[in-house]
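Before any comments, here is the structure.
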2 protein chains.
Amino acid sequence: MKSQAMLKIGELAALASVSRDTLRFYEKQGLITPGKRNNVGYRLYSETDVNRVSFIISAKEVGFTLNEIHQLLELEVTKDEKSCQDIKQFVDAKISIVNERLEDIKRIKKSLQTLSNACCGGDEPATQCTILEALSEQTN
Amino acid sequence: MKSQAMLKIGELAALASVSRDTLRFYEKQGLITPGKRNNVGYRLYSETDVNRVSFIISAKEVGFTLNEIHQLLELEVTKDEKSCQDIKQFVDAKISIVNERLEDIKRIKKSLQTLSNACCGGDEPATQCTILEALSEQTN
DNA sequence: ATTGACCTTAGACGCCACTCTAGGGTTTAT
DNA sequence: ATAAACCCTAGAGTGGCGTCTAAGGTCAAT
């Protein structure tokens, strides 16, 4: 017995920190399924839609394109053995991309932290004063 | 005594997996400093340039815009106390963005893994068959 | 019952990050 | 010595991702 308070586009937009236009655009692109309308044609969004939008935003923030996100959202593992291998292959490929990004972002974070700690009352040598120098320090 | 074999644009492009045009574009945007030319005007890139380009690419892949990357590359902590606080503030703000991205990407990775393991000869219930379901599983 | 905030559409517009084109010079291989 | 592969510039073109505009309908408050 879920209390399904459907949201209007402006409400979802506020919740997700995107514009109404962006939501309509995502719908046009097929990222959000057209969904229900009320009696006068206003879009109504369910909790599932909210999750979908928040996934889209997260995925976009970490560098996936809308196209890739579309593929991810389309994924649906069925009992069909035939499609199963395809999906596993696709997903595993994405996982390795994600792993690379994870490493990239960790490296960037570390170098930012080195930068933040260095030179500013810190006791790091003055040579570590740009992000590239901070990055190259790490490889040691 | 570093053996500084300077690279021509095509060689750097191949090394960094970008196009020559992209490198010229980055130069025009000020992301790569104009650097040296040989006697007939060909660009020559040093190891520092290689590192710079690879940083740009990594940062781009994890969702930074060229503008943000420009700011990051410009950062240089000096002994100047006055600029120091500004830089620390800026860098710390970037670190918190990076932290959020890190969380996003970890969540996405986990859900991809759930998806990869589920349904495909695995013993997961059939309800965990889309990425959104895999994502929502995690929050438990 | 009118104002203002919200919703609809279709289509134009804008920014970012390239990518290509034209027209030229240089280097390398055969 | 000629072709293929590389380099140069300036500037036009493109695709992704929104964002805005015009012209309209709906809803809540005063």
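Here is how names work: the chains are called A, B, and so on, in the same order as the sequence lines, proteins then strands, and each is numbered from 1. Both backbone and side-chain heavy atoms feed into the values below; hydrogens, waters and symmetry mates do not.
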Rounded to whole Å, how long is the line connecting atom [atom1] of [X] with atom [atom2] of [N]?
X	N	atom1	atom2	answer
A/Glu11	C/dC6	CD	C1'	10 Å
A/Leu44	C/dT8	CG	C1'	13 Å
B/Leu23	D/dT9	CG	C1'	16 Å
A/Ile57	D/dC17	CD1	P	14 Å
B/Asn39	C/dG25	CG	C1'	12 Å
A/Tyr42	D/dA28	OH	C1'	11 Å

Rounded to the nearest 0.5 Å, how far apart are [atom1] of [X] and [atom2] of [Y]?
X	Y	atom1	atom2	value
A/Lys94	A/Ile97	NZ	CD1	4.5 Å
B/Glu47	B/Leu7	CD	CG	9.5 Å
A/Leu72	A/Asn67	CG	CG	10.5 Å
B/Phe64	B/Ile69	CZ	CD1	8.0 Å

**Message:** Strictly below 4.0 Å: does B/Arg43 bring a side-chain N or O up to OP1 or OP2 of D/dC7?
**Reply:**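 B/Arg43 to D/dC7 OP1/OP2: no side-chain N or O under 4.0 Å.
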**Message:** Using a 4.0 Å heavy-atom cut-off, does B/Arg20 contact any base of the nucleic acid, only the sugar-phosphate backbone, or nothing at all?
**Reply:** sugar-phosphate
Just compare [options] and give me whichever is closest to any side-chain atom of [X].
X	options	answer
B/Lys8	D/dC8, C/dC6, D/dC7	D/dC7
A/Ile9	C/dG25, C/dC7, D/dT9	C/dC7
A/Arg24	D/dC27, D/dC6, C/dT9	C/dT9

**Asked** Are A/Asp49 and A/Arg52 ion-paired here, with the side-chain N under 4.0 Å from a carboxylate O?
**Response**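 No, no charged N to carboxylate O under 4.0 Å.
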**B/Arg101 bridged to B/Asp104 by N-O distance under 4.0 Å** = no
**Asked** Quick one: does B/Asp92's side chain have a donor or acceptor within less than 3.5 Å of a partner on B/Gln89's backbone?
**Response**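 A pair under 3.5 Å: no.
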Every protein N/O lying under 3.5 Å from an N/O of nucleotides 15-20 of chain C:
from	atom 1	to	atom 2	distance (Å)
C/dA17	OP1	B/Leu66	N	3.0
C/dC18	OP2	B/Tyr26	OH	2.6

